[in-house]
Amino acid sequence: MTHTQKRIIINKIVMTLSTLSALIGIGFLFWILAILIFNGMDALSWTIFSQEGAPPGYEESGLKHALIGQLMIVGVATLFGVPLGILAGTYLSEYGQKSHLAETIRDISDIMMSAPSIVIGAFVYAIVVTPMGHFSGWAGSIALIIILLPIILRTTDDMLQLVPSTLREAAFALGAPKYKVIMQVVYRGAKAGILTGILLGVARVAGETAPLLFTSFNDNFLSTDMTDPMASLTVTMYNYATSPYEDWQKIGWAAAFILSMFILSLNIIGRLLLFKKKGR
Amino acid sequence: MATIIDITEEKELEVKNFEFTYAGADAPSIKTLNMPIAKNSITALIGPSGCGKTTLLRAFNRMHDLYPGNKYNGEILFKNRNILADREDLIKLRIQIGMIFQKPTAFPMSIFDNVAYGMRLQGIKNKTELQDRVEKALKDAAIFKEVKERLKHDANGLSGGQQQRLCIARAIAVEPEVLLFDEPTSALDPISTAGIEELIVELKEKVSIVIVTHNMQQAARVSDYTGFMYLGELIEFGRTEDIFVTPKERLTEEYITGKFG
Amino acid sequence: MSVIIDKIFSFATKYIAIAILFLVAWIFTVLFQHSLDAMEAFGFDFITETKWAPNLEKFGALPAIYGSIVSTFLAMLLAVPLAIGVAIFLSELAPAKLKSPVGVSIELLAAIPSVIYGMWGLFYFVPIVRDVFGGIGISMLTAGIVLSIMILPFMAAVTRDAMNTTPDILKESAYALGGTKWDIIKDIVIPYAKAGIIGSFILALGRAIGETMAVTFVMGNVHQISTNLTAPATSIPVTLANEFTEADTSLYYSSLFELSLILLVISFTIISIAKFYFLRNKRLAS
């Protein structure tokens with residue numbers, strides 16, 4: 001066998017292995033997706049949306065409390081995290097630029113984006129839950145804000161930097177003050193990108209469970225008081241799935257399905273936004 | 001009507017009724033093209049961008065096969081066989097027909113390993129043989145003196161002109177019979193360009209050369225034969241001095257006098 | 001007037017940005033302060049002690065540290081070859097029609113919350129591990145496998161992106177010398193994208209070691225060091241998730257904070273290595 005023949009055979013083997021590993025990897029992932037859809041659709045019903053949590057064995061058991069709790073915790077986190085993140089990102093791109101300070105903030109934010117979220121939960125437990133004396137929806141939101149902030153900051157920074165500097169210069173040349181240039185020209189130029197960043201960031205924190213375990217904790221009933229412990233889809237999912245009751249486990253799958261669909265939709269919308277922008 | 005002369009030299013390659021269609025395209029990019037490539041001489045392909053000269057060049061070593069869906073028709077004869085045939089051994093073909101690209105393509109490895117790469121692919125492991133052939137290739141590519149002290153250094157540390165000569169050394173190290181040059185000096189400064197042109201002319205003693213260039217002076221300076229292409233057709237093919245001094249076709253004349261392009 | 005607004009705007013953006021740095025410093029400080037009781041009580045023994053017995057007020061972090069390291073190592077062992085395979089498939093092998101749909105699905109799967117991977121692991125993978133490898137199915141091995149599946153999409157997507165940065169012309173020149181696809185991948189694409197690939201693996205490692213929900217379901221939270229991979233185990237995040245709300249004494253509470261601090265320091269270190277050593281000038285994929 002010549003060397004070239006050997007190479008051709010090795011090539012075939014490796015390519016087969018690669019295709020195989022791709023099939024295995026993709027197979028696993030689609031398995032999870034299939035299970036999620038199958039179990040989720042099976043568990044979905046109107047009661048899931050209309051009823052609060054109930055003890056195991058009750059027919060009228062749903063996720064209304066967790067859905068509303070989730071929306072409130074994530075909503076409040078978005079309400080604070082997004083504007084703060086955008087402003088901080090604006091500093092990096094428009095004022096700090098390549099300065100030492102700006103680069104340090106970028107680096108630290110990048111690291112924070114991958115830092116373990118459960119540690120953020122522990123931190124918020126120490127600074128919010130302990131002083132208050134009990135778990136609360138606020139504590140959950142604060143934990144999520146801390147996770148959301150670096151994500152929004154970095155995407156805003158990146159997206160603003162994509163706006164051509166000639167656009168800024170043209171606005172300055174008309175005598176506009178810097179804040180107006182930023183608000184009216186730069187933000188507008190980066191609108192789609194920032195929006196995508198927000199959607200992906202919110203999708204990311206909406207799936208967080210670990211930092212909520214000991215901040216917002218859980219509540220099996222509907223509560224809209226952010227100073228009280230509050231249910232979320234993720235923590236409810238965890239509690240129900242690890243419970244020994246089959247009907248609770250089933251509701252857990254419904255929660256998993258609803259949450260995944262929400263997160264996937266945000267991701268898909270975000271991508272479409274960016275795609276449309278690129279297409280133009 | 002096209003004017004295509006016959007050549008007196010031995011033919012290294014012969015293009016016969018060649019047609020090429022890119023994947024997904026309705027119309028062919030090259031239409032019924034006939035042309036000889038003379039042995040141990042330099043054939044230049046010129047024409048405005050989009051005329052199909054690079055497309056034709058990349059058919060000689062079947063580069064188009066890297067991207068699925070591209071379609072060849074007709075024949076390209078090389079050593080009495082049609083290299084467009086399905087059963088063609090592309091690895092062997094590409095060893096026999098080497099290629100230099102429009103930008104230097106130093107691999108992410110040392111200077112020595114770059115030049116040895118093609119030989120190693122063929123299974124040559126003997127250290128002295130590799131050393132001798134790398135040295136010879138570097139000498140033939142007129143770059144040995146500049147790099148002999150730093151053969152183990154990363155090839156990306158070389159200048160653009162040096163990298164391009166390194167790529168030529170890498171291509172000739174496997175002793176091909178044909179070398180394809182795809183606008184080899186388009187990324188280089190005038191001094192490096194002159195060096196590469198000189199080298200190409202020297203190389204024709206050993207190999208047959210096809211060069212695509214957007215630079216008409218370059219074609220006039222280095223080539224023995226010139227083919228002028230326009231909109232996927234070969235308009236005129238002849239001896240370089242004839243093409244540039246007494247073109248037979250009106251289109252050729254207009255192109256070389258700069259009326260379009 | 002607009003001069004004043006201009007000042008306020010630049011001032012506000014700047015101090016909000018700087019606040020991020022203070023926030024991170026604050027996180028470290030708070031975790032440190034709350035760990036002090038445990039540090040005073042156990043000193044350095046905390047990380048070498050193998051016994052974790054809340055009822056005896058004895059806290060040793062070694063089983064959790066061991067579990068974090070072993071489960072992450074297992075996950076990497078499985079995920080790295082798979083991720084490379086998927087990345088090669090996506091960047092070099094897949095027909096054009098498959099590339100983009102498969103690539104996008106992988107990216108979307110990377111967005112699925114880890115709690116769902118954990119749930120899948122509990123209901124579908126635990127029984128398989130029990131049947132195939134024995135034990136109760138809740139084990140270090142299960143945690144490693146579920147973790148590997150969870151980090152796979154991220155790793156594959158980033159590895160593919162790194163491989164795709166190899167210029168076509170470079171690959172073509174290697175093909176022009178008679179290389180096969182595999183020759184081109186191992187000699188050109190992987191060396192060219194090396195820093196990006198290694199960086200993304202280390203980054204995935206940093207994320208995996210701090211991952212909570214994917215493993216909490218399937219690890220068992222048993223503080224023991226066992227070489228038997230099918231035995232239940234624990235990791236730092238698993239311990240935190242299970243025990244934080246149960247800490248009834250200040251020493252217990254403080255020990256959990258010391259665990260958090262250790263985890264944060266480990267992750268920060270790993271992610272920094274990935275970022276500063278391999279991914280300099282490259283944005284971390286989110």
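Quick note on labels: first sequence line is chain A, next is B, and so on, each numbered from 1. Basis for what follows: all heavy atoms, side chains included, without hydrogens, waters or symmetry-related copies.
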Distance flag, aromatic centroids of Phe28(A) and Tyr124(C), threshold under 6.0 Å: no
Side chain to side chain contact (heavy atoms under 4.5 Å, CB included) between Leu101(A) and Leu21(C), intermediate numbers included: CA-CA 10 Å; Leu101(A) 175 65; Leu21(C) 298 181; 4.0 Å; yes
For chain C, which of [options] has the most heavy-atom pairs under 4.5 Å?
options                                   : value
Ile13(A), Ile146(A), Leu17(A)             : Ile146(A)
Ala203(A), Gly96(A), Ala115(A), Pro177(A) : Pro177(A)
Thr19(A), Ile26(A), Asp107(A)             : Asp107(A)

Rounded distance [0.5 Å steps], [atom1] in [X] versus [atom2] in [Y]:
X         : Y         : atom1 : atom2 : result
Ile27(C)  : Ile127(A) : CD1   : CD1   : 8.0 Å
Ile271(C) : Met112(A) : CD1   : CE    : 9.5 Å
Ile20(C)  : Leu92(A)  : CD1   : CG    : 8.5 Å
Leu36(A)  : Tyr117(C) : CG    : OH    : 10.0 Å
Met119(C) : Thr209(A) : CE    : OG1   : 11.0 Å
Leu212(A) : Met213(C) : CG    : CE    : 9.5 Å

Counting only non-hydrogen atoms closer than 4.5 Å, does [X] touch chain A with its backbone (N, CA, C, O), its side chain (CB onward), both, or neither?
X         : result
Ile5(C)   : both
Tyr15(C)  : neither
Ile149(C) : both
Ser105(C) : side chain
Val3(C)   : neither
Ile185(C) : side chain

Walk me through it: do Phe9(C) and Thr90(A) pass the test side chain to side chain contact (heavy atoms under 4.5 Å, CB included)? CA-CA 10 Å; Phe9(C) 189 77; Thr90(A) 306; 4.1 Å; yes
Sub-4.5 Å side-chain heavy-atom contact between [X] and [Y]:
X         : Y         : answer
Ile182(A) : Thr13(C)  : no
Tyr91(A)  : Ile18(C)  : no
Asn267(A) : Glu107(C) : no
Leu33(A)  : Ile112(C) : yes
Thr245(C) : Phe135(A) : yes
Ser272(C) : Ile111(A) : yes
Asn39(A)  : Trp120(C) : no
Phe125(C) : Ile32(A)  : no

Only heavy atoms, only distances under 4.5 angstrom. Which residues in residues 30-38 of chain C are near chain A? Val30(C), Leu31(C), His34(C)
Please rank [options] by heavy-atom pairs under 4.5 Å with chain A and give me the top one.
options                                 : result
Ala111(C), Gly121(C), Pro81(C)          : Ala111(C)
Leu93(C), Ile236(C), Leu152(C)          : Leu93(C)
Leu82(C), Val115(C), Asp6(C)            : Asp6(C)
Ile84(C), Ile8(C), Leu259(C), Asp183(C) : Asp183(C)

Cut-off 4.5 Å, heavy atoms of chain C, and the answer for Leu213(A) is both
Segment of Leu23(A) engaging chain C (4.5 angstrom heavy-atom cut-off): neither
Side chain to side chain contact (heavy atoms under 4.5 Å, CB included), that's the test. Do Tyr125(A) and Leu240(C) meet it? Break it down for me. CA-CA 12 Å; Tyr125(A) 184 89; Leu240(C) 293 175; over 6 Å; no
Side-chain donor-acceptor pair present, Thr212(C), Tyr238(A), cut-off under 3.5 Å: no
Hey, which of Tyr240(A), Trp253(A), Phe38(A) is the one that makes ring pair (Phe, Tyr, Trp, His ring centres under 6.0 Å) with Phe123(C)? Trp253(A)
Stepwise side chain to side chain contact (heavy atoms under 4.5 Å, CB included) test for Leu108(C) and Arg271(A): CA-CA 10 Å; Leu108(C) 287 178; Arg271(A) 276 156 193 282; 3.9 Å; yes
